[in-house]
Number of protein chains: 2
Amino acid sequence: MNLTKWSIDKYNLTEEEMKLTLGSYVPKTIKANDFFLKEGEICNYIGYVTKGLLRSYFYDDQANEITTSFFPESTLIIALDSFNNRAPSKEFIKAIEDSELSVVSYLRQMELYQLIPAWNQICKDLGDIKIGEMLNRTENFQTLTAAERYQRFCKEYPQLLQRVNLGYIASYIGVDNATLSRIRKKK
Amino acid sequence: MNLTKWSIDKYNLTEEEMKLTLGSYVPKTIKANDFFLKEGEICNYIGYVTKGLLRSYFYDDQANEITTSFFPESTLIIALDSFNNRAPSKEFIKAIEDSELSVVSYLRQMELYQLIPAWNQICKDLGDIKIGEMLNRTENFQTLTAAERYQRFCKEYPQLLQRVNLGYIASYIGVDNATLSRIRKKK
DNA sequence: TAACGATTTTGACTTTTGTCAAAAGATCAT
DNA sequence: ATGATCTTTTGACAAAAGTCAAAATCGTTA
C-alpha cells in the first residue's frame with residue numbers, strides 16, 4: 001500500500017497520542033532474501049518500509065511463484081488476510097533488497113485502536129486506500145491486454161522497473177515470463 | 001459484498017444501540033432497470049439487498065459495459081470509491097430484477113460510527129471481508145485461464161448463473177462474449 | 001401471435017499468449 | 001577471474017482468446 005501522499009499529520013493527534021504511536025513502532029532491518037513473513041505463519045506485525053524493497057508472493061498449483069505486491073519505501077507491509085483474520089498466511093513476504101522497517105505488533109496496534117480514537121479513522125482511511133488500489137488492479141485485468149497491463153505497470157511503478165526481476169513483474173501482471181520478454185522487445 | 005455468513009448479532013449491541021441502528025435503515029424498492037446510482041453521482045447510501053438482484057458496471061474506452069459486481073440477496077451495495085472518498089462515481093449500479101433494499105444515508109451512517117462504538121469494529125470487519133473477496137478475485141486473474149475463471153464463477157455464484165445475462169458474466173471474468181459462449185459449449 | 005429487439009451462438013479468420021527447450025546474458029561467491 | 005547459478009531472451013510451435021458478421025434463440029410487447 002503506497003502512502004506517499006498519505007500522512008498521519010492530518011489526524012491531529014495530541015502530543016501524548018503521537019508519542020504513544022511513535023513509541024509503538026520499533027525499527028527492524030531485513031537483509032535481502034530474508035523473510036518478513038513465511039507461509040503458514042500468522043502475520044503479527046505491520047511494517048512501514050523506510051528503506052529497501054520487499055515483495056509478497058505465493059505458489060500456485062504448478063508451483064510457480066506468483067507475486068502479489070511490491071513494498072518499496074513509504075509503503076505499509078501487511079499480509080491482510082492473515083493479520084486481519086489471525087489465520088496462517090498463504091503468502092511469503094521476502095526482502096528483495098536490504099531493507100529497514102518500522103514495525104508494530106498486532107497486540108500493540110489493537111491497543112492503539114483502544115487508546116487513540118483517531119486510529120479508527122486512520123485504519124478506515126488506510127483500508128480505503130488499499131481498496132482503491134485493488135479496484136484499480138482488478139479493472140486492469142478486466143479490460144487490458146497483457147501489453148497494456150505492462151505499460152500501466154511501467155507508468156505506475158517506474159522506480160520498480162529497475163529494481164526487480166522481470167519474472168516478478170510478469171507474474172504480478174499475470175503473463176508468462178517469455179511473453180513479457182517479447183512484449184518488451186516490441187516497443 | 002456477500003454477507004450470508006455475517007451477522008450483526010455477534011457485536012452484542014445494547015437494545016438501545018440496536019434500535020438506533022435498525023431505525024437508521026429505511027426500506028427502498030428499485031424496479032428492474034432502474035438505478036441505485038448513476039455515474040457522476042456521489043454515492044450517498046449504503047444498501048442491503050433483501051430481495052432481488054443488482055449489478056455495478058462502468059464503460060471502458062471502447063464503450064463496452066464492464067460489470068464489476070453483482071448484488072443478490074444478503075449483500076451490501078456500495079460504490080466504495082465514491083462513498084468513501086465523497087467523489088463522483090465511475091460506476092453505475094442498476095437493478096437487474098425488481099429489488100428491495102434497506103438503505104442508510106452517508107450522514108446517518110457517520111452518526112452511527114459516533115453513537116455506537118461497535119460500528120467501528122463492524123466497519124473494519126466488513127472492510128476485511130471485502131478485501132478478502134478482492135484478493136481472491138485478483139488471484140483468479142493472475143493464475144487462471146478464462147475457462148477456469150468461468151468454472152470458479154459457476155462454483156462461487158451458482159444462483160447467479162440462472163439470473164443474469166451471459167454478457168454480464170463475460171465482462172465480469174474478463175473475457176469476450178463469444179469466447180464465453182464457446183467455453184460453455186465445450187463442457 | 002407476429003414482430004421487434006436483445007441476447008446468444010456460430011463460422012471463418014487473426015492475433016495474442018502460452019509452452020518447452022535451448023541459448024545468451026547477468027550475478028554472485030569463492 | 002571463474003565456474004556455478006539465476007535470469008532473460010529467443011525459436012518453433014500449439015493453444016487460447018479476440019474480432020466481425022451473420023444466424024439462431026429468446027423475451028417482450030403491441
Colleague: Within the supplied structure, the quantity of interest is the number of heavy atoms (other residues, nucleotides, ligands) at a distance under 6.0 Å from Lys28(A) NZ; does it exceed 12?
Modeller: no
Colleague: Test of understanding: with salt bridge (charged side-chain N to carboxylate O under 4.0 Å, His left out), list the residues that count as partners of Glu73(B), not counting sequence neighbours.
Modeller: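 For Glu73(B) the salt bridge (charged side-chain N to carboxylate O under 4.0 Å, His left out) partners, ignoring immediate neighbours, are Arg163(B).
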Colleague: Spell out protein contact along nucleotides 6-25 of chain D as letters: B when the base is contacted, S when just the sugar-phosphate is, - when no protein heavy atom is under 4.0 Å; keep the 5' to 3' order.
Modeller: -SSBBBB----SBB------
Colleague: Please answer whether the main-chain N or O of Ser171(A) pairs with a side-chain N or O of Gln142(B) as donor and acceptor at a distance below 3.5 Å.
Modeller: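 Checked: pair present.
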Colleague: May I have the distance from Phe141(A) (atom CZ) to dT16(C) (atom P), rounded to whole angstrom?
Modeller: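 Interatomic distance, CZ of Phe141(A) to P of dT16(C): 19 Å.
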Colleague: Only counting residues at least two apart or in another chain, list the ones meeting salt bridge (charged side-chain N to carboxylate O under 4.0 Å, His left out) with Arg137(A).
Modeller: none
Colleague: I'd like to compare against my own output: the B/S/- annotation of nucleotides 23-30 of chain C with a strict under-4.0 Å heavy-atom distance to protein.
Modeller: --------
Colleague: So how far is it from Leu80(A) CG to Asp128(B) CG, rounded to the nearest 0.5 Å?
Modeller: 7.5 Å
Colleague: Are Phe92(A) and Phe35(A) close enough that their ring centers fall under 6.0 Å?
Modeller: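 Yes - the distance between ring centres of Phe92(A) and Phe35(A) falls below the 6.0 Å cut-off.
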Colleague: Which residues pass the side chain to side chain donor-acceptor pair (under 3.5 Å) test with Tyr25(B), not counting sequence neighbours?
Modeller: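 Side chain to side chain donor-acceptor pair (under 3.5 Å) list for Tyr25(B), sorted by chain: Gln109(B).
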Colleague: Per the end-axis method with five pairs at each terminus, what is the bend angle of the helix from dT1(C)-dA30(D) to dT30(C)-dA1(D), to 10°?
Modeller: 40°
Colleague: How long is the straight-line distance from CD1 of Ile169(B) back to CG of Asn177(B), given to the nearest 0.5 Å?
Modeller: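 Reported value, rounded in 0.5 Å steps: 10.5 Å.
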Colleague: Tell me whether the count of non-hydrogen atoms from other residues, nucleotides or ligands lying under 6.0 Å of CZ in Phe70(A) goes above 12.
Modeller: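 Enclosed: over 12 neighbouring heavy atoms sit under 6.0 Å from CZ of Phe70(A).
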Colleague: Parallel, tilted or perpendicular: which one describes the rings of Tyr157(A) and Tyr172(A), with boundaries at 30° and 60°?
Modeller: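 Answer is perpendicular, since the angle exceeds 60°.
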